[in-house]
Amino acid sequence: MPPHMAVLLKKLLQPGRSPAALGRLMGRREASLGTDPGAAVRVRFAPSPTGFLHLGGLRTALYNYIFAKKHQGSFILRLEDTDQTRLVPGAAENIEDMLEWAGVPPDESPRRGGPAGPYLQSQRLALYAQAAEALLKSGAAYPCFCSPQRLELLKKEALRNRQTPRYDNRCRSLSQAQVAQKLATDPKPAIRFRLEGEAPAFQDLVYGWNRHEVASVEGDPVILKSDGFPTYHLASVVDDHHMGISHVLRGSEWLVSTSKHLLLYQALGWQPPQFAHLPLLLNRDGSKLSKRQGDIFLEHFAATGFLPDALLDIITNCGSGFAENQMGRTLPELITQFDLSRVTCHSALLDLEKLPEFNRLLEGPGTNLTQDVLNRELKKLSDGLEGIKHSNVMKLLRVALSGQQQGPPVAEMMVSLGPKEVRERIQKVLCS
């Protein structure tokens, strides 16, 4: 029996766990995939379906998942599909498929549903319109009638002068009469957020105290486009508020935008979540992971036979957040050992050449097991457990693998399911 399988079985068969209790646990998990939206910890992974899930996205999702499970919270998948021109067919399905394959399924998602849905931003346009209207009424936002041609000229002029392109806030100073006149010919202008006042300081849970004076370096940003779709800044703030997100764990590239988001929270009168920006996952040579690299997509690893645990193991070993880095950790062990306060702001360097080594360690020898060999191994395992009869061990395993207290022999089920499916079913029970 592979060593990682024996470890999982021993954790499953801890003292005091009865088949009936295990059955009730699995029943609850199947009956309610969502979690109380008032739970203390609610985190989200919010990718754009403009491409398939790759290792960088998996790492962000994994840290959110681990943090949620560490604190008995909820892990939410929200798809940010507001840029309709860049959507890739099948990407939305692939993201959720690959999270499930990796063993980090969301509690709430487009596929699973939940109390805070819908989980596709394109289905939440009314919420963004309401927020934009509230900002317009308070004077925190204004309509912008500038044409794409004018904005492009501004950009070219700034680049020619070797300056950072920024909007010149031209429409900010329009009078009510001018706005009314322009609305008569352009009834669907873009909406911009007025960047005024000092940006609030905030304590990032990874990078410490931060403040970015966005008003001095940026023009007023568009928050709602003329087609009714929001930009990232408005959509993320509105959704995080309405979904009750308590902690935002996202890539460090969004750190400089957080002050802007806090100004939006302030203007809307909402309490912001806590922020933790995760350092980038880079190639071994320090270059950025790129979608052009065909070998960073999870589909590639699944198709070539790598274990999900090996991927989770290598992307956590090259980073921080754990007391010590060691090979061969299973997902339940990662959850137990994780501590957000240990995450540092240093980029994680990924060495994919070591992945086969992680895979071999987790897979172990003897994966093509027969029923006879499995029966002997299971008997040996149960003999090493004090106070638990072999028959009760088999009942526990049967419930974990099938959800039923009666059925075919456990060894027969394990051979039929295969090592990968057996491992995943046991991990799901341990993570419940």
**Q.** Check: His247 ring centroid to Phe67 ring centroid under 6.0 Å
**A.** yes
Q: Step through it carefully: locate the ring centre of Tyr65, locate the ring centre of Phe75, and say whether they are under 6.0 Å apart.
A: yes
Q) Is there a donor-acceptor pair closer than 3.5 Å between any side-chain N or O of Ser109 and the backbone N or O of Pro106? A) no
Q. Is a side-chain N or O of Asn317 found less than 3.5 angstrom from the main chain of Asp313, in a donor-acceptor match?
A. yes
Q) Arg194 side chain to Gly139 main-chain N or O, any donor-acceptor pair under 3.5 Å? A) yes
(Q) Can you confirm whether Leu77 sits close enough to Ile95 that some side-chain heavy atom of one is under 4.5 Å from a side-chain heavy atom of the other? (A) yes
Q.
Centroid separation under 6.0 Å, is that true for the rings of Trp254 and Tyr232?
A. yes
**Q.** Taking every non-hydrogen atom, the tightest pair across Ala267 and Phe193
**A.** CB-CE1, 3.9 Å
Q. So, do Val393 and Leu397 sit near enough that their side-chain heavy atoms are less than 4.5 Å apart?
A. yes
Q. Quick one: is the NZ or CZ of Arg192 closer than 6.0 Å to the six-membered ring centre of Tyr167, and within 45° of its axis?
A. yes
(Q) Assess the residue pair Thr60 and Leu249 against the criterion (side chain to side chain contact (heavy atoms under 4.5 Å, CB included)); give the C-alpha distance rounded to whole Å, side-chain angles, the decisive distance to 0.1 Å, and a yes or no. (A) CA-CA 7 Å; Thr60 302; Leu249 279 66; 5.9 Å; no
Q.
I need the Leu234 CG to Lys260 NZ distance, nearest 0.5 Å.
A. 12.5 Å
Q) Among side-chain atoms of Ser257 and His212, is any donor-acceptor pair under 3.5 angstrom? A) no
Q) Do side-chain atoms of Lys69 reach the backbone of Ile335 as a donor and acceptor pair under 3.5 angstrom? A) no
Q.
Less than 4.5 Å apart, side chain to side chain, heavy atoms only: is that true for Leu331 and Leu62?
A. yes
Q: Indicate yes or no: does Arg44 engage Glu80 in a salt bridge with an N to O separation below 4.0 Å.
A: no
Q.
Less than 3.5 Å apart, any donor N or O on the side chain of Tyr142 or Asp220 sitting next to an acceptor on the other?
A. yes
Q.
Using 0.5 Å steps for rounding, measure from the CD atom of Gln203 to the CG atom of Leu205.
A. 7.0 Å
(Q) Could you tell me if the side chain of Ile76 sits less than 4.5 Å from the side chain of Val43, heavy atoms only? (A) no
Q: Would you name the heavy atoms of Thr344 and Pro279 that are closest together and state the gap between them?
A: O-CG, 3.1 Å
Q: Report yes if the side chains of Gln121 and Leu79 come closer than 4.5 Å at any heavy-atom pair, otherwise no.
A: no
**Q.** For Gly219 against Arg166, the heavy-atom pair lying closest together
**A.** N-CB, 3.8 Å
Q. What closest approach, in Å, do Ser252 and Tyr207 show between heavy atoms, and which atom pair accounts for it?
A. CB-OH, 3.4 Å
Q: Check whether any side-chain N or O of Arg42 sits under 3.5 Å from a backbone N or O of Met243 as a donor-acceptor pair, and report yes or no.
A: yes
Q.
Would you say that Gln84 contacts Ser122 through its side chain, given a criterion of any heavy-atom pair below 4.5 Å between the two side chains?
A. yes
Q: Sort out for me which residue in Tyr265, Trp270, Tyr128 forms a ring-ring contact (aromatic ring centres under 6.0 Å, His included) with His241.
A: Trp270
(Q) With rounding to the nearest 0.5 angstrom, report the CD1 to CG distance, Ile314 to Asp309. (A) 13.0 Å
Q. Taking 4.0 angstrom as the limit, do Arg172 and Glu196 come out as a salt bridge?
A. yes
(Q) For the residue pair Glu333 / Thr336, report whether a side-chain donor-acceptor contact shorter than 3.5 Å exists. (A) no
Q.
How long is the straight-line distance from CE of Met413 back to CE of Met394, given to the nearest 0.5 Å?
A. 9.5 Å
Q.
Assess whether a salt bridge exists between Arg78 and Glu108, defined as any Lys/Arg side-chain N lying under 4.0 Å from an Asp/Glu carboxylate O.
A. no
Q. Tell me, do Leu401 and Val410 make a side-chain contact under 4.5 Å, heavy atoms counted?
A. yes
Q | Spacing of Arg398 atom CZ and Leu396 atom CG [to the nearest 0.5 Å] | A | 10.5 Å
**Q.** Euclidean distance, Leu268 CG relative to Leu263 CG, rounded to 0.5 Å
**A.** 11.0 Å
Q. Is there a donor-acceptor pair under 3.5 Å between the side chain of Asn210 and the backbone N or O of Ala201?
A. no
Q) What is the minimum heavy-atom distance between Leu55 and Leu281, and which atoms define it? A) O-CD2, 3.8 Å
**Q.** Verdict with supporting geometry, Val217 and Thr164, side chain to side chain contact (heavy atoms under 4.5 Å, CB included)
**A.** CA-CA 8 Å; Val217 296; Thr164 302; over 6 Å; no
Show every donor-acceptor pair shorter than 3.5 Å between a side-chain atom in residues 222-230 and any protein atom, with sequence neighbours excluded, or say none if there are none.
residue, atom, partner, partner atom, Å
Asp227, OD1, Phe229, N, 2.9

Q | Close side-chain approach of Lys395 to His390, heavy-atom, < 4.5 Å | A | no
Q) Between Asp81 and Arg124, is the closest basic N to carboxylate O distance under 4.0 Å? A) no
Q) Of all residues at least two apart in sequence or in a different chain, which pass the side chain to side chain contact (heavy atoms under 4.5 Å, CB included) check with Asp97? A) Glu93, Arg111
Q: Show your reasoning for whether side chain to side chain contact (heavy atoms under 4.5 Å, CB included) applies to Thr316 and Tyr63.
A: CA-CA 9 Å; Thr316 50; Tyr63 274 59; 4.2 Å; yes
Q: Indicate the atoms forming the closest heavy-atom contact of Glu253 with Leu280, along with that distance.
A: OE1-CD2, 3.5 Å
(Q) Strictly distance-based, threshold 3.5 Å: is any side-chain N or O of Ser402 a donor or acceptor partner for the main-chain N or O of Val399? (A) no
Q) Could you walk me through whether His346 and Ser320 pass the side chain to side chain contact (heavy atoms under 4.5 Å, CB included) check? A) CA-CA 8 Å; His346 301 296; Ser320 54; over 6 Å; no
Q: Answer yes or no: is there a donor N or O on one side and an acceptor on the other, between the side chain of Asp204 and the main chain of Trp209, under 3.5 Å?
A: no
